[in-house]
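Residues take their numbers from the sequence shown, with the count starting at 1.
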Amino acid sequence: MSMLTPPGMGGKKYRITGDRYPRMRRPRHRRRIVLTIVAAVCAFGLVGWGTLQLIDVFGGRGNTAQASQEKKHCPQGGKTGKANKAQAGTTAQKLPAPATLTVNVFNATPRSGLAKRTADELQKRGFKIGKVGNAPAAYDKKIKGAGILLGPKAAVDGPLKVLATQLAGAQQKTDDRKGAELDLIIGDAFKELTAQPAAAKSLALLSRPSPAPSGDPKC
């Protein structure tokens with residue numbers, strides 16, 4: 001038997017021709033099984049992660065965590081808003097009552113009798129009346145508007161605002177006077193004081209504490 005004759009060929013001779021030979025390959029079914037397992041594990045992992053996210057959202061955990069974070073940014077549990085409200089109330093209480101204010105009434109127009117009539121009306125509304133007469137030379141015949149309210153610098157945030165409720169459109173000014181008296185100087189456009197109901201309403205609104213800003217509305 002020749003060395004080229006494989007066993008079981010009955011002693012027949014075969015000649016191998018060509019330049020190609022059979023090659024042994026590993027079965028592919030194992031690779032497919034491994035890939036299938038890996039894909040299944042990834043799929044189950046994604047499904048489980050998504051389920052946990054849905055539970056957190058619908059269970060309110062996400063909202064609770066967000067609320068906790070927002071609460072941390074609110075200074076001292078929202079005490080800032082309370083402090084602002086208290087401050088607004090304090091500011092409103094500082095406004096003086098008309099009975100505590102002394103008003104000098106001066107007429108800067110060519111029309112006679114305006115200072116006396118205006119002073120009498122202010123007195124009826126609760127203001128104290130000081131001097132009544134013609135305006136000083138610095139203002140006489142020089143006011144084109146309804147009038148000027150003049151007082152010390154300390155009167156800007158209180159007394160002048162109170163007096164301004166009685167004469168709409170009046171200009172507010174300050175000077176270096178030492179006393180607390182106020183001047184109402186009547187100008188050319190003056191017709192009459194603000195109607196008493198409207199003036200009283202403006203004074204009430206001025207005395208009412210305004211809503212204090214609470215910073216972050218979520219606090």
Cluster question for you: counting only ILVMFWY and a side-chain heavy-atom cut-off of under 4.5 Å, with indirect links fine, are [X] and [Y] together?
{"X": "F106", "Y": "F127", "answer": "no"}
{"X": "I148", "Y": "L182", "answer": "no"}
{"X": "L167", "Y": "L150", "answer": "no"}
{"X": "L114", "Y": "I143", "answer": "no"}
{"X": "I185", "Y": "I129", "answer": "no"}

Looking only at atom types and distance, does a side-chain atom of [X] sit under 3.5 Å from a main-chain N or O of [Y], one as donor and one as acceptor?
{"X": "N104", "Y": "K131", "result": "yes"}
{"X": "S202", "Y": "A198", "result": "yes"}
{"X": "T194", "Y": "A199", "result": "no"}

Which atom names give the shortest non-hydrogen contact between [X] and [Y], and what distance separates them?
{"X": "A170", "Y": "L149", "value": "CB-CG, 3.8 Å"}
{"X": "A119", "Y": "V132", "value": "CB-CG2, 3.8 Å"}
{"X": "L160", "Y": "K173", "value": "CD1-O, 3.7 Å"}
{"X": "A146", "Y": "A168", "value": "CB-O, 4.1 Å"}
{"X": "A180", "Y": "P152", "value": "CA-CG, 4.2 Å"}

Start with the C-alpha gap between K141 and D188, add the side-chain angles, then the distance that decides, and say whether salt bridge (charged side-chain N to carboxylate O under 4.0 Å, His left out) holds. CA-CA 8 Å; K141 311 298 188 300; D188 293 338; over 6 Å; no

Applying side-chain hydrogen bond (donor to acceptor under 3.5 Å, both in side chains) as the test, list every pair that has at least one member in residues 114-126; sequence neighbours left out.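 Counting only pairs at least two positions apart or across chains, the side-chain hydrogen bond (donor to acceptor under 3.5 Å, both in side chains) contacts touching residues 114-126 are K116-D120, E121-R125, R125-Q166.
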
Approximate separation, where rounding is to 0.5 Å, of E181 CD and K128 NZ: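 Output value for this atom pair is 10.5 Å.
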
Taking atom CD1 of I186 and atom CG of L193, what is their separation to the nearest 0.5 Å?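 Spacing of CD1 (I186) from CG (L193) equals 7.5 Å.
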
Test item: V103 and D183 side chains (from C-beta on) under 4.5 Å apart, heavy atoms: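 Side chain of V103 against side chain of D183, heavy atoms only: no contact under 4.5 Å found.
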
Contact check, side chains of V162 and L203, non-hydrogen atoms, under 4.5 Å: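 Sidechains of L203 and V162: in contact.
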
Have N134 and N107 got a donor and an acceptor in their side chains that come within less than 3.5 Å?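 No, because no side-chain N or O of N134 sits under 3.5 Å from a partner of the opposite role on N107.
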
